[in-house]
Structures are given as C-alpha cells and as structure tokens.
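The structure under discussion appears below in the form of structure tokens.
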Amino acid sequence: MDEIIVTGGTPLAGRVQISGSKNGTLPLLAASLLIDGETVLDNIPDINDVNVMIEMLRALGAKCEFIAPTTLKIDASTVNSVSAPYDLVRKMRGSFYVAGPLLSRFGECEVPLPGGCVIGSRPVDYHIEGFKVLGAQVVERHGVMRAQASRLKGTRIFMDPRSRSVGATVNLMLAASLAEGTTIVENASREPEVVACQEFLRAAGADIEGIDTATVRIRGVARLGESRAAVIPDRIEAGTFLYAAATAGGDVTLQAARVQDLEFVLDVLRRAGAGITTGPDWIRLRAVGRPLPVDIMTAPFPGFPTDLQPTHGVLAAIARGTTIIEETIFDARYNYTDELTRMGAHIRIVDSAAIIKGQPRLYAAPVEATDIRAGAALILASLVAEGQTEISGAEFLDRGYQNIEGKLKGLGAEIVRRGTGSGERNLCLA
Ligand code: EPU
C-alpha cells in the first residue's frame with residue numbers, strides 16, 4: 001500500500017491537463033466487443049480501472065495494443081471466450097459491462113456477479129432484468145450470471161425513474177445494438193458518459209435515436225463496423241481539481257475540460273464564492289477567501305454528481321457556516337466523513353444527510369482512503385490542513401485519477417508518494 005503525504009497550506013496556481021474519463025472509457029472498451037474487427041480509442045487515461053478492463057478484453061481473446069501513448073487499438077475479431085474471469089470482475093464492478101456485448105454478439109455469456117461495494121449496496125438486478133426482457137434465459141448460481149439467447153429480441157424496457165442506472169442503461173444499449181428489432185429504453189440515464197457511448201455506437205453503424213434524452217430507441221443491426229472515437233474528458237477529475245482550488249485557495253485553469261458536463265457544479269462553486277470563467281475547452285477558478293456554505297443534493301445528470309459529493313464535503317468542512325448535503329444515489333458514501341472528523345471537521349450524519357458545520361481550519365492526521373472519491377476528498381482536506389497529513393490507501397486514487405499527485409505538484413502543492421509495498425486491496429468502486 002502506498003501513502004500520499006501532503007503538507008497543507010499552499011494555495012494552488014497554474015494549469016492542469018484533464019485526462020480522458022474513467023467512466024467514459026469503460027463503456028467504449030466494452031462496446032468494442034460488439035465489433036467483429038478493429039476499434040481505435042484515443043485519449044485513454046492511464047488508470048488502474050481502465051487497465052483492468054483492457055486485461056478483461058485480452059482475457060476474452062481480443063487483441064489490445066497501444067499504438068500511441070493514449071491511443072488503443074482493439075481487435076475483437078479474435079474473441080474466443082464468453083466467460084469473464086472472476087479475478088478481474090472482483091477488481092472492478094464496471095467490468096460487468098462485458099455481459100451485454102458478449103450476450104448480444106455470441107448469444108451467451110458467463111459473468112461473475114460483482115458483489116458488495118464500499119460505497120453502498122450496488123446490485124446489478126436492473127441489468128439482469130433487462131437481459132431477461134430482451135429474451136435471454138438467465139441463471140444466477142454460485143455467484144455467476146449465465147445468460148443465453150440465440151438472438152436477443154428488441155422490446156420496451158422501463159427503467160425505474162426513481163433510481164436511474166448509468167450502468168444498466170449502458171449494458172442494455174450495448175445488448176440492444178445487435179438485437180433483432182427495436183428496443184426502447186425508457187428513463188435512460190443521460191450522463192455524458194452514456195451519451196458518449198451512444199455516439200460511439202452510432203458512429204459504428206448502430207441505429208440509435210433519442211441520444212441524450214430519457215427515451216432511447218435502438219434498432220438492432222446485424223453487425224457493427226470498425227470505428228474510431230476519442231474518450232471525453234473526465235468531468236469528475238475536472239471537478240476534483242476545481243474543488244481543490246476552491247478549498248486550498250488559488251487560481252487554477254483546467255485544460256481539456258468540457259463546461260457543458262459541469263454546469264451544475266460550476267454554479268455551486270460560484271455560489272460558494274469562487275470566481276469562474278470558461279472557454280470552449282477550459283475552466284478557470286479563482287478562489288476568494290473562505291468558501292460560503294452551499295447545500296447540495298446528489299442526483300443523476302444534470303444534477304450534482306455523487307462522485308463529487310465527498311469533495312463538496314471538504315469544502316463544507318471549512319465553509320463560513322453550516323452546509324447540508326443529501327446523498328440520494330449510494331447509501332454508504334459518507335465513509336470519508338469519519339476521517340475528515342479526525343482532521344477537525346464537525347460532521348453529523350442523519351440518515352442520508354450530512355450536516356457539516358464549517359471550521360476555520362483543519363489539522364493534519366494520519367487518515368485512510370476507503371474508496372477513490374473518499375481518497376480525493378482526503379487529499380483536498382490535507383491541502384488546506386495545518387501540518388503534514390499521511391493518507392494511506394493511495395491505490396484507490398490510482399484506479400481513477402491519472403497521476404493526481406504529479407498534477408497537484410505541478411500546481412504548487414507539497415505532495416509526495418511513499419511506497420510501502422505491502423499488498424493490494426480490491427474493492428468494487430467503479
Ligand atoms: N442500482 C440498482 N440496481 C442495478 C443498478 C443500479 O439498484 O442493477 C442502483 C444503485 O445501487 C444506485 C443507483 O441505482 O443506488 C445508481 O447506480 P448506477 O447504476 O447509476 O451506478 P453505476 O453504473 O454502478 C456509475 C459510475 C459510478 C457513479 C454512478 C452514479 C461507472 C463505471 N461507475 O456507477 O462511478 O458514481 O454511475 O453516477 O460508470 C466512481 O467513478 O467513483 C463511481 C463510483
């Protein structure tokens with residue numbers, strides 16, 4: 001396990017390049033399995049979750065080769081297995097995305113069920129129900145989902161509007177692309193990563209209407225063609241750096257960031273007192289003193305993203321007043337608050353709400369990251385805390401943030417990594 005050591009108190013200044021999106025890359029990698037030929041993906045981030053998914057494609061028989069530092073060529077004409085190895089699925093629940101494409105293209109798949117998760121109970125029942133509605137025979141036994149269908153049949157799938165699912169929307173769209181007839185997904189998620197996947201499928205020859213709406217209509221085709229696409233910038237990484245500047249103070253410009261993916265977050269940061277200016281592919285944040293408290297409630301896109309709830313919690317911990325956060329997506333996403341409390345934050349959790357009374361300062365303490373976004377929150381807290389904070393569990397950050405300590409160092413933060421080389425931990429996060 002590596003540790004990240006941060007000496008707090010230095011405001012951030014400068015420019016930072018935003019990498020390709022983790023949650024945008026995973027659906028495209030899975031979609032490449034639908035194609036009996038080559039897919040080229042640009043702007044692939046070098047993060048562990050993406051590398052696990054590439055390993056998964058290789059384990060299924062696809063050829064994957066980096067033809068430039070961030071450009072991956074995948075040839076899925078050589079896929080020779082429909083069984084996803086448990087060792088890879090347990091590392092990352094996003095790997096369940098291979099189920100839809102395998103089932104649709106090969107008529108069968110065997111994918112271990114991802115199991116529990118540190119940020120809350122994260123079942124895959126919507127995915128499985130959707131496969132059944134598309135005509136698959138599905139059996140869940142010994143922790144493995146086995147699905148079969150000579151050819152999936154298009155139909156209308158109603159997702160529960162009270163809990164839209166990014167993952168199920170993606171998996172069912174992938175499955176429907178090669179199905180017979182038309183599939184209509186009602187109450188589909190509209191996260192930018194879902195839309196990017198729809199655009200990728202359309203570019204590969206899928207017949208999709210209703211892109212970026214809650215009703216997506218997919219007329220299945222016999223085959224998809226070779227295709228090339230660039231992964232969209234990571235809006236959660238971008239948001240994390242904006243929060244870092246708003247919390248630690250300073251003047252930071254994000255390069256390669258999409259404003260349209262962050263409108264709600266930018267509005268929250270403006271209300272917290274930050275000065276924000278934007279251009280076609282950049283966002284600049286200038287912090288002005290201690291932030292003001294802003295209440296938030298997490299919601300599916302275009303609402304406030306649950307993946308930035310922990311970073312907002314840190315801003316709230318030093319704000320000039322009391323903030324109420326309501327988490328509506330995951331039932332255990334306050335696990336970072338105990339560690340933040342050890343750094344001097346005043347936080348009370350009542351059901352799905354966190355009531356955070358802002359303090360003038362936080363103090364360094366040894367803390368532990370328990371998931372990727374909790375890890376990011378602890379880094380932000382340590383940037384503003386008095387003294388030197390040691391954050392263990394740095395491997396969680398490597399799952400979703402490309403070189404976070406290098407990027408923060410480039411902005412002037414005093415941050416180093418110390419390798420302790422002891423063991424690897426696997427917890428589902430993505
Ligand atoms: N849900 C079910 N049954 C299902 C699927 C989802 O009950 O079959 C519930 C979940 O338990 C949750 C809600 O529906 O309460 C929404 O879950 P969703 O399916 O949208 O989440 P996901 O697809 O598993 C993705 C991201 C998460 C992000 C969420 C919400 C990927 C690989 N992961 O997860 O990212 O928090 O959407 O936006 O895209 C992260 O990057 O750190 C991360 C956790």
Side-chain angles (χ1 to χ4, degrees), residues 19-30 45 47-50 52-53 56 89 91-100 111 113-133 138 140 145 157 159-174 185 187-197 231-232 234-240 261 264-265 298-311 327-333 335-336 352 369-377 396-401 427-430:
S19 300
S21 158
K22 168 174 84 72
N23 294 344
T25 307
L26 300 175
L28 302 194
L29 290 173
I47 51 177
N48 285 353
D49 276 14
V50 163
V52 167
M53 194 64 161
M56 172 68 82
V89 175
K91 282 188 179 169
M92 183 191 62
R93 52 181 300 117
S95 53
F96 199 72
Y97 277 155
V98 300
V111 185
L113 297 161
C117 183
V118 71
I119 61 175
S121 59
R122 295 178 70 186
V124 284
D125 52 329
Y126 302 164
H127 305 233
I128 292 173
E129 283 312 309
F131 295 148
K132 286 182 185 163
V133 173
V138 184
E140 293 168 62
M145 179 200 71
I157 301 175
M159 312 273 277
D160 188 337
R162 288 165 306 171
S163 61
R164 292 178 178 213
S165 166
V166 171
T169 301
V170 167
N171 227 338
L172 297 175
M173 288 188 327
L174 297 178
V185 183
N187 301 313
S189 291
R190 295 180 50 201
E191 268 64 7
E193 298 77 19
V194 175
V195 175
C197 180
V231 173
I232 58 171
D234 196 312
R235 66 191 167 105
I236 305 302
E237 186 197 22
T240 302
D261 296 348
F264 201 112
V265 173
T298 63
F301 190 84
F304 192 91
T306 174
D307 292 342
L308 289 174
Q309 182 263 103
T311 46
E327 171 60 56
T328 69
I329 312 280
F330 292 117
D331 50 26
R333 211 161 203 182
N335 51 37
Y336 67 98
S352 60
T370 46
D371 73 71
I372 169 175
R373 309 302 172 193
F396 285 112
L397 288 148
D398 299 336
R399 299 185 56 157
Y401 290 95
L427 285 172
C428 65
L429 298 167

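Counting starts at 1 for both ligands and their atoms, in listed order. Values reported hereafter were calculated over all heavy atoms of this structure, with side chains retained and with hydrogens, waters and symmetry mates removed.
Those atoms of ligand 1 with a heavy atom of Ile329 less than 4.0 angstrom away are 12 (C), 15 (O), 16 (C). Short contacts between ligand 1 and Val166, defined as distances under 4.0 Å to a heavy atom of the residue, involve ligand atoms 18 (P), 19 (O), 20 (O), 23 (O), 37 (O). Per-residue contacts place Arg333 under 4.0 angstrom from the following atoms of ligand 1 (heavy atoms of the residue considered): 36 (O), 42 (O), 44 (C). Of all atoms in ligand 1, numbered sequentially from 1 with element shown, those under 4.0 Å from a heavy atom of Thr306 are 30 (C), 36 (O). Within ligand 1, counting atoms from 1 as listed, the ones closer than 4.0 Å to a heavy atom of His127 are 8 (O). Close approach of ligand 1 to Lys22 (heavy-atom distance below 4.0 Å) involves ligand atoms 40 (C), 41 (O). Every atom of ligand 1 is numbered from 1 in the order shown, and the set under 4.0 Å from a heavy atom of Ile119 is 44 (C). Residue contact check: Gly167 has heavy atoms under 4.0 Å from atoms 19 (O), 23 (O) of ligand 1.
Counting only distance, with no hydrogens or angles, the side chain of Asp234 and the backbone of Lys22 share a donor-acceptor pair below 3.5 Å. Judged purely by atom type and a 3.5 angstrom limit, Thr169 uses its side chain to pair as donor or acceptor with the backbone of Ser189. Between the Arg399 side chain and the Asn48 main chain, no donor and acceptor come within less than 3.5 Å of each other. Not a single donor-acceptor pair under 3.5 Å links the side chain of Ser95 to the backbone N or O of Met53. The main-chain N or O of Gly400 is never found under 3.5 Å from a side-chain atom of Asp49 such that the two would form a donor-acceptor pair.
Distances from ligand 1 to the non-hydrogen atoms of Glu193 include no value under 4.0 Å. Distances from ligand 1 to the non-hydrogen atoms of Met92 include no value under 4.0 Å. No heavy atom of Ile128 sits closer than 4.0 Å to any atom of ligand 1. The shortest heavy-atom distance from Gln309 to ligand 1 is not under 4.0 Å. Residue contact annotation: Pro123 has a non-hydrogen atom under 4.0 Å from ligand 1.
Put simply, the side chain of Phe301 reaches to within 4.5 Å of the side chain of Arg235, judged on heavy atoms. In this structure, the side chains of Arg190 and Pro300 stay at 4.5 Å or more apart for every pair of heavy atoms. Between Ile128 and Leu113, some side-chain heavy-atom pair lies under the 4.5 Å cut-off.
Residue-to-ligand polar distances keep Leu26 apart from ligand 1: every N/O pair is separated by 3.5 Å or more. Remark: ligand 1 and Ala168 share no N or O pair separated by less than 3.5 Å (distance only, no angle test). Residue-to-ligand polar distances place Arg122 within reach of ligand 1: an N/O pair is separated by less than 3.5 Å.
When the options Arg93, Arg373, Arg164 are ranked by their closest heavy atom to atom 41 (O) of ligand 1, first place goes to Arg373. Comparing Thr328, Thr169, Asn23 by heavy-atom distance to atom 26 (C) of ligand 1, the nearest is Asn23. Considering Asp307, Ile372, Asp234, Thr25 only, the shortest heavy-atom separation from atom 36 (O) of ligand 1 involves Asp307.
The CZ atom of Arg373 lies 9.0 Å from the OG1 atom of Thr311; values are rounded to the nearest 0.5 Å.
Considering every non-hydrogen atom in both Met145 and Phe96, the closest pair reads SD-CZ, 3.8 Å. Considering every non-hydrogen atom in both Ala374 and Tyr336, the closest pair reads CB-CB, 3.8 Å.
Contacts between Phe330 and ligand 1 below 4.0 angstrom, taking non-hydrogen atoms only, involve the side chain exclusively.
Here Tyr401 pairs with nothing under the ring pair (Phe, Tyr, Trp, His ring centres under 6.0 Å) rule; sequence neighbours left out.
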